[in-house]
Amino acid sequence: MKRIITTGLVFALNGLALAQGNFENVQIKSTHVAGNVHMLEGQGGNIGVSTGPDGLLIVDDQFAPLAQKIDAALGKLEAGGPLKFVLNTHWHGYHTLVNAFFVRKASIVAHSNVRKRLAGKSDTPKEALPVITQDNGLSVHFNGEEIRMIPLSPGHTDGDSVIHFTKSGVVHMGDQFFNGKFPFIDLGSGGSVDGYVKNVESVLGKLSDDVKIIPGHGPLATKKDLQAFHEMLVETTGIIRKAIAEGKSLEQVKAAGLPDKYKEWGTGFINHQRYIEIVYNNLKAK
């Protein structure tokens with residue numbers, strides 16, 4: 001188990017290092033989602049933004065070299081005011097590395113395990129840690145709506161939260177949703193394959209049909225997109241679970257692959273082979 005966890009963590013950090021290499025040409029794209037909420041896309045996790053008379057609240061940020069570009073994009077939003085809050089959906093760097101820049105003007109809010117994991121990283125400055133933490137959820141009443149931070153059971157990591165903009169009808173899923181792609185489930189950070197699937201199912205059951213969903217990665221989504229993601233998770237984990245029950249090795253499962261209809265799902269951060277490895281290792285260990 002220790003080898004599996006170490007491998008997963010090294011993979012995550014290597015991916016992070018590779019992603020950090022080229023920022024000069026990154027453009028920050030802004031899209032109005034619904035109500036007070038906008039989405040910023042650049043390089044890293046999608047950023048949710050609440051704009052209005054109270055100022056700005058953002059959900060997640062990206063890589064440190066993009067701080068000035070993100071700040072400039074926020075300043076261009078209609079009714080933009082001072083940034084007051086940064087909500088982190090989980091601890092991974094491509095969602096939190098601009099914390100150190102924004103902490104000079106805003107309070108950082110996250111699950112308690114986000115603070116613990118960021119504090120455990122030697123390169124995370126103390127001032128960039130969340131100053132408000134929760135384990136059972138909280139609400140920020142801001143720009144005329146209740147913005148709920150809802151903790152999840154261990155899934156992508158052991159410190160995931162989804163953010164519900166209740167009046168705008170928008171949900172930011174963090175990395176509990178990779179739209180159209182296989183997800184990264186970070187076993188080294190307390191993640192769980194079964195927990196990941198159950199979390200998606202739980203959120204789905206509470207969403208209205210007209211909800212707008214900001215995924216951690218990928219384009220702006222609808223409830224149907226999240227349903228397709230859930231169906232993929234259930235089918236593919238079921239295939240791998242069955243193979244484990246039949247005594248098949250990881251190499252045999254990789255060789256057999258997954259259904260052709262999921263070919264494009266493996267073209268993102270996580271390819272077919274890596275996704276199979278993550279799921280197999282976690283389910284096999286149970």
Side-chain angles (χ1 to χ4, degrees), residues 1-20 44-46 59-64 86-100 108-126 128-130 132-137 149-163 172-178 181-200 202-203 215-218 229 233 237 268-271 274-286:
M1 175 63 74
K2 184 176 181 181
R3 184 189 66 81
I4 293 171
I5 290 175
T6 303
T7 300
L9 183 56
V10 168
F11 176 83
L13 295 177
N14 285 345
L16 183 60
L18 289 171
Q20 283 183 301
N46 291 326
V59 179
D60 286 347
D61 46 59
Q62 299 183 348
F63 294 105
V86 177
L87 279 54
N88 293 151
T89 61
H90 63 290
W91 79 276
H92 287 150
Y94 34 94
H95 296 261
T96 61
L97 283 172
V98 189
N99 281 5
I108 300 174
V109 187
H111 191 286
S112 61
N113 283 343
V114 172
R115 180 180 170 90
K116 290 175 184 177
R117 291 197 177 277
L118 287 175
K121 284 170 56 77
S122 61
D123 58 344
T124 301
K126 183 178 179 180
L129 299 177
I132 301 171
T133 60
Q134 55 82 23
D135 295 293
N136 299 305
M149 190 173 207
I150 305 166
L152 301 174
S153 300
H156 174 62
T157 69
D158 61 4
D160 300 301
S161 300
V162 298
I163 313 301
H172 193 307
M173 291 283 292
D175 280 4
Q176 273 288 157
F177 183 22
F178 287 64
K181 305 298 179 184
F182 292 137
F184 173 44
I185 301 171
D186 189 353
L187 307 184
S189 293
S192 162
V193 171
D194 285 338
Y196 194 104
V197 179
K198 289 177 182 176
N199 284 340
V200 174
S202 176
V203 173
H217 300 270
F229 182 69
L233 291 171
T237 59
F269 177 52
I270 301 296
N271 62 27
R274 180 57 184 161
Y275 176 66
I276 290 171
E277 181 180 352
I278 291 170
V279 175
Y280 184 97
N281 285 337
N282 192 223
L283 297 182
K284 177 73 172 178
K286 291 187 179 300

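Count residues from 1 along the sequence. Computed from a predicted model, the values in this text were never measured in an experiment.
Side-chain atoms of Ser189 and Trp91 include a donor-acceptor pair closer than 3.5 Å. Checking Asn88 against Thr96 by side-chain atom types alone, no donor-acceptor pair falls below 3.5 Å.
You'll find the side chain of Phe184 stays beyond 4.5 Å of the side chain of Thr157, heavy atoms only. When side chains are defined from C-beta on, Leu283 counts as touching Asp194, because their heavy atoms get closer than 4.5 Å. Looking at heavy atoms from C-beta onward, Pro215 lies in side-chain contact with Asn46 at the 4.5 angstrom threshold. Contact of the Asp61 side chain with the Asn99 side chain is registered, since non-hydrogen atoms from C-beta on lie closer than 4.5 Å. Residues Asn282 and Ser192 are in side-chain contact: their nearest non-hydrogen atoms beyond the backbone lie under 4.5 Å apart. In this structure, the side chains of Asp175 and Pro183 stay at 4.5 Å or more apart for every pair of heavy atoms.
For the atom pair CD1 of Ile150 and CD1 of Ile163, the computed distance is 7.5 Å after rounding to the nearest 0.5 Å. Put simply, CD1 on Ile108 and CG on Leu118 are 9.0 Å apart, with the number rounded to the nearest 0.5 Å. In this structure, the separation between NE2 on His111 and OG1 on Thr133 is 9.0 Å, given to the nearest 0.5 Å. Distance CG/Asp186 to CD1/Ile278: 8.5 Å, rounded to 0.5 Å. Taking OG1 of Thr89 as the start and CE of Met173 as the end, the distance is 10.0 Å to the nearest 0.5 Å.
Each of Gln176, Gln134, His172, His90 was checked for a side-chain hydrogen bond (donor to acceptor under 3.5 Å, both in side chains) with Ser161, and the lone residue meeting it is Gln134.
Contact between His156 and Tyr196 at its shortest, heavy atoms only, is N-CD1, 3.5 Å. Contact record, Gly155 with Asn199: CA-ND2, 3.8 Å, taken as the closest heavy-atom pair. For the pair Leu97 and Phe63, the tightest heavy-atom approach, listed with the atom from each and the gap, is CD1-CD2, 3.8 Å. The shortest non-hydrogen separation linking Gly268 to Lys181 is N-CD, 3.9 Å.
Within a 6.0 Å sphere centred on CG of Asp123, heavy atoms belonging to other residues, nucleotides or ligands number more than 12.
With ring centers used as reference points, Tyr94 lies under 6.0 Å from His217. Aromatic pair Phe177/Phe229: centroids less than 6.0 angstrom apart.
Listed by first and then second residue, the salt bridge (Lys or Arg N to Asp or Glu O under 4.0 Å) pairs involving residues 151-160 are Arg117-Asp158 (not counting sequence neighbours).
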